[in-house]
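The block underneath contains the structure these notes are about, expressed in structure tokens.
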Amino acid sequence: MARLAQTAGLTDVQQEILSTVRDFVDKEIIPVATELEHRDEYPQQIVDGLKELGLFGLMIPEEYGGLGESLLTYALCVEEIARGWMSVSGIINTHFIVAYMLKQHGTQEQKDHFLPRMAAGDIRGAFSMSEPALGSDVSAISSKAVKDGDEYVLTGQKMWLTNGGTSSLVAVLVRSDEGHPEGTAPHKSMTTFLVEKEPGFGEVRPGLTIPGKIEKMGYKGVDTTELIMDGLRIPADRVLGGATGRGFYQMMDGVEVGRVNVAARGCGVAQRAFELGVRYAQQRHTFGKAIAQHQAIQFKLAEMATKVEAAHAMMVNAARKKDSGQRNDLEAGMAKYLASEYCKEVVEDAFRIHGGYGFSKEYEIERLYREAPMLLIGEGTAEIQKMIIGRRLLEEYRFQG
């Protein structure tokens with residue numbers, strides 16, 4: 001649908017990249033997405049195609065073999081991919097959060113070691129903050145790292161790893177009390193470790209187990225897992241940035257990128273839902289005319305299109321803010337909150353337009369209806385976004401009494 005969600009001011013290179021991705025989505029993803037999703041099958045052929053396109057290196061600097069593109073370019077590509085199948089966008093999102101954290105915070109040795117292979121897609125990234133009992137309360141992390149000579153010994157259980165099985169590099173946030181006296185604020189005693197492992201399930205390296213895929217309502221195909229560390233030994237040179245105590249800030253920087261990504265995913269899914277809804281409304285006839293000719297349906301389409309446009313504009317603004325080097329947690333929080341909520345609403349409206357057929361697995365909207373709720377939770381719930389937005393607004397508009 002060429003009219004909606006256009007982005008002004010793109011370079012010729014950006015437009016060419018987006019055109020290539022859009023063609024790939026239309027030809028290689030949309031025709032097979034629903035079938036693969038119903039089988040909960042990992043889309044290996046699609047992932048191989050993305051690798052050939054160079055998308056795993058999209059934001060990685062050219063000096064490491066990547067394309068050196070902006071967060072905006074990446075977000076717009078994610079929007080296109082999510083329009084085809086949201087699970088595929090999840091596969092590259094966690095990869096890019098880890099690549100971004102390495103680029104921004106890694107030591108030179110860490111960048112040289114990991115980024116070229118990540119750009120080529122030979123190393124796939126995942127990152128891990130959450131644990132079974134803490135939800136969005138990152139300060140309650142209980143997984144620990146204890147110094148033992150030139151190594152750290154990691155113990156604990158992590159939860160909700162996208163790419164947990166297929167990844168070969170996981171950025172793991174744990175508590176590290178070494179060098180941080182008792183009473184130190186929780187966020188100042190956390191460290192990110194770069195954990196290399198074999199892809200797959202079971203014991204993927206000594207002391208590290210990926211039990212298996214978590215069964216989900218939607219967001220299928222991509223593997224979501226737990227991660228269990230029991231005496232996992234990690235060399236000290238695999239502390240991200242080379243120093244302990246910085247992990248919380250490193251992760252939050254990565255999550256800002258992730259929230260722009262989730263906003264882009266919401267935009268893409270909403271666009272697809274609108275496409276399906278407006279097409280079906282012109283094909284389905286009741287009372288002697290296409291249902292698109294009934295005013296009630298036209299009102300619904302108008303609301304859907306407006307929400308798609310508004311969410312896209314906020315997502316683009318958040319990406320451009322981050323690209324400019326400015327703090328963007330306010331914009332990213334707003335974009336993620338609005339795009340995920342609007343996505344849910346647009347998908348539901350498209351579902352209603354389909355009537356009883358929307359409840360059938362033969363129609364694509366059924367899949368979207370199960371996928372949209374994940375965006376309400378991933379990278380921080382709506383309530384967490386509103387907390388971030390509210391605090392930042394009070395900082396910006398502090399009353400001087």
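Note that the numbering runs from 1 along the sequence shown for the chain. When reading the values below, keep in mind they use all heavy atoms of this one structure, side chains included, and skip hydrogens, waters and symmetry mates. Keep in mind the model is a prediction, meaning the values are calculated, not measured.
- Tyr337 meets the ring-ring contact (aromatic ring centres under 6.0 Å, His included) test with no other residue; sequence neighbours excluded.
- Contact check on Asp329 versus Arg259 returns no salt bridge, with no Lys/Arg side-chain nitrogen under 4.0 Å from an Asp/Glu carboxylate oxygen.
- Between Lys361 and Glu35 no salt bridge is recorded (no basic side-chain N to carboxylate O distance below 4.0 Å).
- Under the 3.5 Å distance criterion, with hydrogens and angles disregarded, a donor-acceptor pair is assigned to the side chains of Thr286 and His294.
- Counting non-hydrogen atoms of other residues, nucleotides and ligands closer than 6.0 Å to CD of Glu198 gives a total of 12 or fewer.
- Ion pairing of Arg327 with Glu395 is present here, as a side-chain N (NZ or NE/NH1/NH2) and a carboxylate O approach within less than 4.0 Å.
- What you find for Gly106 and Lys111 is that their closest heavy atoms are O-CE, 3.3 Å.
- When atom types are taken as modelled, the side chain of Lys336 and the backbone of Gly380 share a donor-acceptor pair closer than 3.5 angstrom.
- Residue pairs meeting the side-chain hydrogen bond (donor to acceptor under 3.5 Å, both in side chains) criterion with at least one partner in residues 226-237, sequence neighbours excluded, are Asp148-Arg233, Glu151-Arg233, Gln157-Glu226.
- A salt bridge links Glu275 with Arg272: at least one charged nitrogen is closer than 4.0 Å to a carboxylate oxygen.
- For the pair Lys144 (side chain) and Gly156 (backbone), a donor-acceptor distance under 3.5 Å is absent.
- For Lys213, the NZ atom is densely surrounded, since the number of other residues' heavy atoms within 6.0 Å is greater than 12.
- Applying the 6.0 Å contact sphere to CD of Glu63 captures more than 12 heavy atoms from other residues, nucleotides or ligands.
- Comment: Lys386 does not engage Glu383 in a salt bridge, judged by the lack of any side-chain N to carboxylate O separation of less than 4.0 angstrom.
- Ser168 places a side-chain N or O within 3.5 Å of a backbone atom of Arg124 that can act as its donor or acceptor partner.
- For the side-chain contact (heavy atoms from CB on, under 4.5 Å) criterion with Leu208, the lone passing option out of Val195, Ile234, Val170 is Val195.
- Side-chain contact check for Gln326 and Ser324: at least one donor-acceptor pair (N or O, by modelled atom type) lies under 3.5 Å.
- Taking the charged nitrogens against the carboxylate oxygens, Glu331 and Lys322 have no contact shorter than 4.0 Å, which rules out a salt bridge.
- Looking at Glu379, its side chain never comes within 3.5 Å of a backbone N or O of Val255 through a donor-acceptor pair.
- Ser19 places no side-chain N or O within 3.5 Å of a backbone atom of Gln15 that could act as its donor or acceptor partner.
- Arg117 contributes a side-chain N or O that, together with a main-chain N or O of His113, makes up a donor-acceptor pair within less than 3.5 Å.
- Atom CG of Leu76 is separated from atom OG1 of Thr7 by 4.5 Å, given to the nearest 0.5 angstrom.
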Quiz item: How far apart are the C-alpha atoms of Glu37 and Arg367, what are their side-chain angles, what is the distance that settles it, and do they pass the salt bridge (charged side-chain N to carboxylate O under 4.0 Å, His left out) test?
Solution: CA-CA 8 Å; Glu37 196 271 350; Arg367 169 171 62 83; 5.3 Å; no
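- Partners of Glu80 according to the salt bridge (charged side-chain N to carboxylate O under 4.0 Å, His left out) rule, which considers only residues two or more places apart in sequence or in another chain, are Arg22, Arg83.
- Using a 4.0 Å cut-off between charged nitrogen and carboxylate oxygen, Lys307 and Glu303 do not count as a salt-bridge pair.
- Under the 3.5 Å distance criterion, the side-chain polar atoms of His354 are left unmatched by any main-chain donor or acceptor of Tyr280.
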